[in-house]
Amino acid sequence: MNLSPPAWATNLTRKARLISASLIFTCYALHRSAKAHQSDYQDEIFFNTSHLKNLRETAVREIPVDPTNIQTTNAPHNRVKEEPAIKILRSPNEQLRKNCQIVYIIAVEGAAHHGFQPVVEALARNQKDVATGKPYDVQYKSKEIQRALFGLFGGFKRGDMDDPKVISDTISTLCPDDGRKHVIIEDSSFPSGHADDRRTYRVKRQVEWAYLSIQEIAESETALNHPFNLSRFYETYSPYADIKFVVLHRPYLETIASHTEWDEGIEGHSNVIRGFMLLLRRFLDSNILDDRTGRKVWTLICIERIVSKTYEFDNDKVKQARKRLISHLARFLAWPRTDCPHCFDTWKDSTKDYNEVLGGETVAVLKEHMQQLEGIWPPVGNNAAWQQCSV
């Protein structure tokens, strides 16, 4: 019996081999191409922004905004849906949580967060654990926290901020179980960076924000996740760390005068800043008390209450105001030492005159913007007179 395959089967086998070889070569070529363009892809901006100026037919000042119609809580319509918190890999340890504190200085751009951060850091380094007598382990601008939250330093390759392994690795690195109190300080502003920033933020600043209403900005998925999603961060990291927010407010015109060239110009920048103020206010209103401790999650610091011109350059009054603030901050953070003679050693009052920077016509427009912030920003601190900020 002849067991050789028929000619048609032999031809079919040859064709199959040719097709297979062709597919292998194609896949290899695609792989090489992807490798060659990988770095370009990582730095790619999320949106092609060349058409964005046409998003609005009117200038920012002409966008009608009714302050009575602006809600500080998420509107039921067009709301960005957030998925429920994921299950964490390991059970939280309360003792480890007590020794792990993340202090985030919340501020919009221009609210003096760069100047105030050294004050908080100096106060933290002035502390010793009452139980052990060991000084606090203080970390500022930790690459580990910036990898996890923003995706920087290769963090975007490791997974999302709320990935269980990312959370576990981040907390274990920042707060090892060594019996010490660990304090991690971060102060990246809202928003951060530029639209064409080469740093690998998971979600970058968007040019289009300058042309949206403040309500649209606060409800947009891009803004809610830039530089990271505050709600998701607090929800998924708070089981492992005592998270506190120090909220800064600086008078609005001084804030805008700090970055006049950003967001397509002054009025666009004002639009973006107000949008993030609304976004931040919604987060703060939703997170007032820590469910585990019953203590406040955030406190408000009025920058105007620590600058010399507020007290007509009376040094004694300035020192007293700053001492009062330091004492309040230490109590809020549950730190034992409430005095810190050198906390303001690096602080410098701004000498910039917003009238000179902005000009009279622009100031008039920005004052109209300020009226739209009534009931939104600044948030209410407490009943103490020194925590009542002016817009």
If you take all heavy atoms of [X] and [Y], which pair is closest and at what distance?
X: Arg97; Y: Ser238; answer: NE-O, 2.6 Å
X: Arg281; Y: Gly375; answer: NH1-O, 3.3 Å
X: Gly115; Y: Trp347; answer: O-CE3, 3.4 Å
X: Arg337; Y: Gln127; answer: N-OE1, 2.8 Å
X: Gly275; Y: Ala218; answer: O-CB, 3.7 Å
X: Ser189; Y: His113; answer: CB-NE2, 3.5 Å

Distance in Å, [X] [atom1] paired with [Y] [atom2], rounded so as to fall on 0.5 Å steps:
X: Lys141; Y: Ser188; atom1: NZ; atom2: OG; value: 3.5 Å
X: Asp196; Y: Lys204; atom1: CG; atom2: NZ; value: 8.0 Å
X: Leu224; Y: Phe283; atom1: CG; atom2: CZ; value: 12.0 Å
X: Tyr354; Y: Thr255; atom1: OH; atom2: OG1; value: 11.5 Å
X: Tyr136; Y: Arg180; atom1: OH; atom2: CZ; value: 11.5 Å
X: Tyr140; Y: Ile145; atom1: OH; atom2: CD1; value: 13.0 Å

Under the side chain to side chain donor-acceptor pair (under 3.5 Å) rule, what do Ser327 and Arg331 come out as? Steps first, then yes or no, please. CA-CA 6 Å; Ser327 177; Arg331 290 195 304 271; 2.5 Å; yes

Side-chain heavy atoms of [X] within contact of [Y], under 4.5 Å:
X: Thr170; Y: Arg147; result: no
X: Phe344; Y: Val318; result: no
X: Phe245; Y: Leu280; result: no
X: Ser220; Y: Trp209; result: yes
X: Gln146; Y: Glu186; result: yes
X: Tyr237; Y: Ile171; result: yes
X: Ile266; Y: Leu366; result: yes
X: Lys296; Y: Leu289; result: yes

Name of the residue among Leu373, Ile217, Ile256 meeting side chain to side chain contact (heavy atoms under 4.5 Å, CB included) with Ile273: Ile256

Out of Cys302, Pro379, Pro378, which one pairs with His249 under the side chain to side chain contact (heavy atoms under 4.5 Å, CB included) rule? Pro378

Can you check side-chain contact (heavy atoms from CB on, under 4.5 Å) on Thr299 and Leu333, steps first, answer last? CA-CA 10 Å; Thr299 191; Leu333 296 169; over 6 Å; no

Can Arg292 and Glu94 be said to form a side-chain contact (heavy atoms from CB on, under 4.5 Å), step by step? CA-CA 10 Å; Arg292 295 167 182 79; Glu94 266 315 305; 4.2 Å; yes

Lys244 to Phe332 six-membered ring, cation-pi geometry met (6.0 Å, 45°): yes

Which residues satisfy the side-chain hydrogen bond (donor to acceptor under 3.5 Å, both in side chains) test with His269, sequence neighbours excluded? Asp263

Any sub-3.5 Å donor-acceptor pair from [X]'s side-chain atoms to [Y]'s backbone N or O?
X: Gln117; Y: Ile105; answer: no
X: His182; Y: Asp137; answer: no
X: Trp335; Y: Leu123; answer: no
X: Asn126; Y: Asp339; answer: yes
X: Ser172; Y: Ser168; answer: yes
X: Arg274; Y: Ser270; answer: yes
X: Lys181; Y: Lys98; answer: yes

Does the pair Phe276 and Val272 meet the rule for a side-chain contact (heavy atoms from CB on, under 4.5 Å), with working shown? CA-CA 6 Å; Phe276 273 88; Val272 172; 4.0 Å; yes

For the pair Arg202 and Asp162, find out whether any cationic side-chain nitrogen is under 4.0 Å from an anionic carboxylate oxygen. no

Salt bridge check: are Arg199 and Asp197 linked by an N-O gap of less than 4.0 Å? yes

Criterion side-chain contact (heavy atoms from CB on, under 4.5 Å) on Asp187 and His114, from CA distance to verdict: CA-CA 8 Å; Asp187 69 336; His114 290 306; 4.2 Å; yes

When the ring centroid of Phe228 is compared with that of Tyr104, is the distance short of 6.0 Å? yes

Run the ring-centre check on Trp377 versus Tyr252 and record whether the distance is less than 6.0 Å. no

Partner residues of Asp177 under the salt bridge (charged side-chain N to carboxylate O under 4.0 Å, His left out) criterion, sequence neighbours left out: none

Answer yes if the side chains of Arg250 and Ser258 hold a donor-acceptor pair under 3.5 Å, and no otherwise. yes

Hey, quick one: are Ile306 and Phe313 part of the same hydrophobic cluster, counting side-chain heavy atoms closer than 4.5 Å, chains of contacts allowed? no

Common cluster, Leu329/Val130, ILVMFWY with side-chain heavy-atom separation under 4.5 Å: no

With sequence neighbours excluded, tell me which residues meet side-chain contact (heavy atoms from CB on, under 4.5 Å) with Lys367. Leu253, Val363, Met370

Would you sort out whether Asp349 and Arg322 count as a salt bridge (charged side-chain N to carboxylate O under 4.0 Å, His left out), showing the intermediate values? CA-CA 13 Å; Asp349 288 355; Arg322 293 176 179 178; 3.4 Å; yes

